[in-house]
There are 2 protein chains.
Amino acid sequence: MTQNVYRPHDHSTCIDNAMEQAKAVCEQNGARLTKVRQRVLELVWSSHKPVGAYDLLPLLANEGFNSAPPTVYRALDFLLELGLIHRLASLNAYVGCSHPGHGRASCFFLCQSCGKAQELESQLYDDLSTRVESTLGVKIDHQITELSGICPSCLDQSS
Amino acid sequence: MTQNVYRPHDHSTCIDNAMEQAKAVCEQNGARLTKVRQRVLELVWSSHKPVGAYDLLPLLANEGFNSAPPTVYRALDFLLELGLIHRLASLNAYVGCSHPGHGRASCFFLCQSCGKAQELESQLYDDLSTRVESTLGVKIDHQITELSGICPSCLDQSS
DNA sequence: CGTAGAATCGCAACATTATAACCGAAGGTC
DNA sequence: GACCTTCGGTTATAATGTTGCGATTCTACG
Ligand SMILES: [Zn+2]
Ligand SMILES: [Zn+2]
Ligand SMILES: [Zn+2]
Ligand SMILES: [Zn+2]
């Protein structure tokens with residue numbers, strides 16, 4: 001079950017779930033969820049708004065962590081590698097993966113008004129790569145889709 | 001009919017078609033295809049490999065054009081606005097639109113080996129926005145999809 | 001024409017995002 | 001402890017994109 005991020009919800013459970021899954025994924029892959037990495041993941045999950053790498057720098061600095069770009073980017077790369085976060089190319093920003101372990105394809109809806117990002121269920125789009133592979137005769141590694149518009153909550157408020 | 005960019009073809013007709021369509025689109029929209037804009041479009045179309053904004057700077061400089069970032073970005077923004085080119089967010093690069101005038105959705109396959117970008121026909125993906133709109137209750141402006149992998153030509157060569 | 005308004009362009013500075021290179025620190029293994 | 005590997009600190013730099021302002025060019029209209 002995936003949360004609808006545009007509805008009010010107990011976001012602390014989003015964070016808790018994410019951190020718990022992260023630990024499991026790391027263990028499964030023999031990867032070390034160090035303090036910096038864990039804290040970066042928590043900060044990325046602190047809301048459903050994608051966060052820029054440079055937004056994290058002062059937050060980490062406040063907590064006594066080193067805060068130079070390489071520190072943040074290394075943590076982000078680690079989390080990307082394990083599929084715990086996604087990079088939203090159209091925003092140059094990062095957001096937690098709401099169901100880690102999914103395949104090569106991802107799809108997000110991005111509200112232009114409130115900025116929150118909703119990751120979509122894969123059955124809506126994950127056949128695209130397969131269709132394109134057979135149409136073009138290509139081999140596909142990754143598929144990203146980003147939809148931009150206005151979310152239901154913002155639509156309500158503007159009416 | 002859309003060209004398969006991974007097959008050998010007479011690329012000058014790609015360019016000619018693109019420039020002709022550009023003139024038509026501009027006329028239709030009361031927009032001015034100035035020298036810089038036209039030349040930027042030609043340069044973007046000079047191959048099927050997406051080109052970075054900063055790659056264009058020296059090329060324009062060689063031809064006596066002003067070559068400061070704003071010049072290039074203004075031309076690119078103009079062309080994006082009219083739908084004559086696309087920006088590939090995952091590459092920070094720009095490529096000509098192979099069928100200008102299409103709707104809010106676009107989809108590209110990007111070969112990681114040769115770098116060429118193939119724009120796909122919309123019937124493969126343009127129902128996604130509609131499905132997401134009804135699923136989430138959102139209003140969608142733009143949809144971008146980028147598929148990364150290996151093209152048929154590069155697959156052949158590696159076997 | 002001729003002038004007013006709008007669009008375009010030249011230019012300088014700056015902002016944002018990401019990477020390279022080098023080395024020391026920390027942790028795991030024997 | 002000796003060794004190896006991974007991780008993190010530090011400095012500098014690269015790559016991409018934007019802002020602001022004034023000069024120029026185009027267009028519309030009288
Ligand atoms: Zn939440
Ligand atoms: Zn995901
Ligand atoms: Zn061609
Ligand atoms: Zn297109």
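Quantities reported herein were computed from a predicted structural model and do not represent experimental measurements. Chain naming here is simple, since letters A, B, ... match the order of the sequence lines and numbering starts at 1 in each.
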Pair listing, salt bridge (charged side-chain N to carboxylate O under 4.0 Å, His left out) test, anchored in residues 63-85 of chain A, at least two apart: A:Arg39-A:Glu63
Shortest non-hydrogen separation from A:Gly115 to A:Pro50 and the atoms involved: O-CD, 3.2 Å
Donor-acceptor under 3.5 Å (B:His11 side chain, B:Trp45 main chain): yes
Residues touching DNA chain D, which here means a heavy atom under 4.0 Å, drawn from residues 48-59 of chain A: none
Expected output: side-chain B:Glu119 to main-chain B:Ser106 donor-acceptor under 3.5 Å: no
Trace of the side chain to side chain contact (heavy atoms under 4.5 Å, CB included) decision for A:Cys151 with A:Gln118: CA-CA 9 Å; A:Cys151 79; A:Gln118 168 82 61; over 6 Å; no
N or O in side chain of A:Tyr73 less than 4.0 angstrom from C:dT19 OP1/OP2: no
Within residues 82-97 of chain A, residues whose heavy atoms come under 4.0 Å of DNA chain C: A:Arg87, A:Asn92, A:Tyr94
Closest non-hydrogen atom pair between A:Asn4 and A:His9, with its separation: O-ND1, 4.2 Å
Nearest-Å distance for atom pair CG/C1', residues B:Asn29 and C:dA7: 16 Å
Neighbours of DNA chain D within residues 40-47 of chain B, by heavy-atom distance under 4.0 Å: none
Connected hydrophobic set around B:Ile140, excluding itself, where side chains approach under 4.5 Å: A:Val5, A:Tyr6, A:Phe109, A:Leu120, A:Leu124, A:Tyr125, A:Leu147, B:Leu128, B:Val132, B:Leu136, B:Val138
Closest approach of B:Val95 to B:Ala117 (non-hydrogen atoms, all atoms of both residues): CG2-CB, 4.4 Å
B:Leu43/B:Asp55 under side chain to side chain contact (heavy atoms under 4.5 Å, CB included): CA gap, chis, key distance, verdict: CA-CA 10 Å; B:Leu43 289 170; B:Asp55 297 334; over 6 Å; no
Rounded interatomic separation in angstrom, taking CG from A:Leu80 and P from C:dA18: 10 Å
Side chain to side chain contact (heavy atoms under 4.5 Å, CB included) between B:Phe108 and B:Ile144, worked out: CA-CA 8 Å; B:Phe108 281 87; B:Ile144 65 168; over 6 Å; no
Hydrophobic cluster membership, A:Met19 vs A:Leu80, 4.5 Å side-chain cutoff: yes
What's touching nucleotides 5-12 of chain D from the protein side, N or O pairs under 3.5 Å?
from   : atom 1 : to      : atom 2 : distance (Å)
D:dC7  : OP1    : A:Arg37 : NH1    : 3.0
D:dC7  : OP1    : A:Arg37 : NH2    : 3.3
D:dC7  : O5'    : A:Arg37 : NH2    : 3.2
D:dG8  : OP1    : A:Thr34 : OG1    : 2.6
D:dG9  : OP2    : A:Asn66 : ND2    : 3.2
D:dG9  : N7     : A:Arg74 : NH2    : 2.6
D:dG9  : O6     : A:Arg74 : NH1    : 3.1
D:dT10 : OP2    : A:Asn66 : OD1    : 3.3

Whole angstrom value for the distance that separates P of D:dT27 from CG of B:Leu33: 13 Å
Which atom of B:Asp127 lies closest to which atom of B:Arg131, heavy atoms considered: OD2-NH1, 2.6 Å
Criterion side chain to side chain contact (heavy atoms under 4.5 Å, CB included) on B:Cys97 and B:Leu84, from CA distance to verdict: CA-CA 5 Å; B:Cys97 174; B:Leu84 296 171; 5.7 Å; no
